[in-house]
There are 4 protein chains.
Amino acid sequence: MGTLILNVDLAADVPIYQQIRDQIVEAIAHGALKDGSSLPPTRTLAADFGINFHTANKAYDLLRQEGLIRLSRGTGAVVTAPAANPLPADWTGRVRTLLAEAVARGASAPEVLEACRTVLDSFNPKQQEGTP
Amino acid sequence: MGTLILNVDLAADVPIYQQIRDQIVEAIAHGALKDGSSLPPTRTLAADFGINFHTANKAYDLLRQEGLIRLSRGTGAVVTAPAANPLPADWTGRVRTLLAEAVARGASAPEVLEACRTVLDSFNPKQQEGTP
Amino acid sequence: MGTLILNVDLAADVPIYQQIRDQIVEAIAHGALKDGSSLPPTRTLAADFGINFHTANKAYDLLRQEGLIRLSRGTGAVVTAPAANPLPADWTGRVRTLLAEAVARGASAPEVLEACRTVLDSFNPKQQEGTP
Amino acid sequence: MGTLILNVDLAADVPIYQQIRDQIVEAIAHGALKDGSSLPPTRTLAADFGINFHTANKAYDLLRQEGLIRLSRGTGAVVTAPAANPLPADWTGRVRTLLAEAVARGASAPEVLEACRTVLDSFNPKQQEGTP
DNA sequence: GTGGTCTAGACCACA
DNA sequence: GTGGTCTAGACCACC
């Protein structure tokens, strides 16, 4: 528990560094990675997945550019507080494109909204507080 | 009314063929393009935007692969019924990644959900304020 | 005239990609590179200076992140309009550190200011308009 | 009054030893540290900020190489006279790069010069409004 | 033909 | 021991 679980698919059409970036973002959203959490060293991560360390490096650099992690030579990669970061300008546009795809295929608005709600709920770190 | 308005930004970092595909998808979701609507010939479209014919072609081919349009030599590109197309397998995953990005940056779940709702509402073609 | 002149020192302690970035920034400030100007292809530039194309690539990527150039796969690197880009937040801090170094070494404030003025004048693209 | 105030940000992307060096340089420019002023022992400084002793050491060594302080075993680190130090050869070049960055982003020359003037004024320790 | 991605391995800077 | 830089060469995506 608390260990970072990544799943890299080398055959996928989405770049490996993007997959790593995406999953770390999800881990932060999920609460599995909190402010101050350390990420595995790039070379360790690369070795674990049988990829080149430059690829892992690029994923970390992307996250650094987005302000989600902080990189220092001696201390490694550390998650930074998720609070002060505003949404990027094109975020709504990307959401629009993605949701349009569902609607264009015949999904109803409530249906799509429900899917979004389910995804968001899955990020909620509070696991059923009412189970006595 | 009903004319397709595309807006291609050659300076954007998203590929041109993707921009065309995205906007056609949004037009379908919006109702501006309905089942049976004709799309402009690729050569016309390419000429209009000063882009390569192959680029326009690629956008249409993408849409054909997604099952959203039908291409035939004589009749050109025609939008197909949106009801028959199931969501692609990775759609939820892409939504998950996109919403995670917002949450990781500190947005609250209701806030994100509201953004989705606004986007979905903007697709609704029926502004049926007076249908009792 | 109008050709981009770069000067790369492989023995310097400042990274090569930074040298390239700096000189392109100066060329833009100078007016030698204007909005819409094309930059040499990364591989060509790399070959010209006997460096690896990845190093040239990194310089271009830096400039892209700063919003000073635009990269597209087919069309190469193009300078973007210098107008809408706000100064980065830490710019004043960097100026402060640099000017403090001069003052700490005994330079007077007017002396330092004059040096700045000289540098800024050298960027001025208007070359002595009074030579008939 | 006269006590040296340092502000080390371990999260910043600029190296810690550089931050220390920069702030001491600014303190000298400011007049907070004068010729003959003693600097805190590196071990004290390291302990105060919870940083490695070698890191503090490196900052002092940098300043010694620049001729701004003098190190001796018994007396510790002492600021040396600011009048005797010429500007380093690359100083103008660094100013040029930094000011070019502002101009390339659309700032006007007077605007940039004014920023420099403001910074230089902030170094002026004599607010001698009443010395006739 | 352009930039982008990935791999492989060396050496350096920082803590 | 961490991340950063540079090199070298392969293959892919876009126009």
Side-chain angles (χ1 to χ4, degrees), chain A residues 8 10-20 38-47 49-62 64 69-78, chain B residues 8 10 12-19 46 49-59 62, chain C residues 8 10 12-20 38-47 49-62 64 69-78, chain D residues 8 10 12-20 46 49-59 62:
Chain A
V8 172
L10 292 90
D13 54 348
V14 48
I16 296 175
Y17 75 90
Q18 183 87 39
Q19 294 181 44
I20 297 174
S38 283
L39 265 56
T42 48
R43 283 158 172 89
T44 302
L45 191 148
F49 293 106
I51 61 174
N52 191 282
F53 95 90
H54 286 119
T55 305
N57 221 349
K58 185 159 187 175
Y60 277 23
D61 193 57
L62 243 181
R64 182 191 58 76
I69 70 173
R70 159 167 46 98
L71 299 174
S72 324
R73 300 210 174 184
T75 57
V78 177
Chain B
V8 173
L10 285 78
D13 53 350
V14 48
I16 295 174
Y17 76 93
Q18 183 88 41
Q19 292 182 47
F49 293 107
I51 60 176
N52 195 303
F53 157 71
H54 293 105
T55 304
N57 225 347
K58 184 161 187 174
L62 239 179
Chain C
V8 172
L10 293 93
D13 54 348
V14 47
I16 296 174
Y17 75 91
Q18 183 86 40
Q19 294 180 46
I20 297 174
S38 283
L39 266 55
T42 49
R43 284 159 172 86
T44 302
L45 191 148
F49 293 105
I51 61 174
N52 191 281
F53 96 89
H54 286 117
T55 305
N57 221 348
K58 185 160 188 173
Y60 278 22
D61 193 57
L62 244 181
R64 183 191 57 76
I69 70 173
R70 160 166 46 97
L71 299 175
S72 323
R73 300 208 175 184
T75 57
V78 178
Chain D
V8 173
L10 286 77
D13 53 349
V14 47
I16 295 174
Y17 77 92
Q18 183 89 40
Q19 293 182 45
I20 296 174
F49 294 107
I51 61 176
N52 194 301
F53 156 71
H54 293 104
T55 304
N57 225 348
K58 183 160 187 175
L62 240 180

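Order of the sequence lines fixes the chain letters, A, B, ..., with proteins taken first and strands second; residue numbering starts at 1 for each chain. Small disclaimer: the values here were computed from a predicted structure and weren't measured.
- The separation between A/L71 atom CG and E/dA15 atom P is 13 Å, rounded to whole Å.
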Under 3.5 Å donor-acceptor pairs involving side-chain atoms of residues 51-58 of chain D, not counting sequence neighbours:
residue : atom : partner : partner atom : Å
D/N52   : OD1  : D/H54   : N            : 2.8
D/N52   : OD1  : D/H54   : ND1          : 3.1

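- Residues C/L62 and C/Q18 come closest through the heavy atom pair CD1-OE1, 4.4 Å.
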- Using a cut-off of 4.0 Å between protein heavy atoms and nucleotide atoms, how would you tag nucleotides 5-11 of chain F 5' to 3' with B, S and -? BBBBBBB
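- Rounded to 10 degrees, the angle between the two end axes of the helix from E/dG1-F/dC14 to E/dC14-F/dG1 is 30°, with five pairs used at each end.
- Rounded to an integer number of Å, the gap from A/R70 CZ to E/dC14 C1' is 15 Å.
- Of the inter-residue distances, the one linking C/Y60 atom OH with C/L71 atom CG reads 8.5 Å to the nearest 0.5 angstrom.
- For the atom pair A/R70 CZ and A/L39 CG, the distance stands at 11.5 Å (nearest 0.5 Å).
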- Give the C-alpha distance, both sets of side-chain angles, the deciding distance and a yes or no for side-chain contact (heavy atoms from CB on, under 4.5 Å) between B/L10 and C/T75. CA-CA 10 Å; B/L10 285 78; C/T75 57; over 6 Å; no
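- Here A/I16 contributes atom CD1 and A/F49 contributes atom CZ; the two are 11.0 Å apart, rounded to the nearest 0.5 Å.
- Whole-Å rounding puts the A/D61 CG to F/dT2 P distance at 18 Å.
- For the OP1/OP2 pair of E/dG3 and a distance below 4.0 Å, the side-chain nitrogens and oxygens of C/T42 include at least one atom meeting the criterion.
- The residue among A/S72 and C/S72 whose nearest nucleotide of DNA chain E is located toward the 5' end is C/S72.
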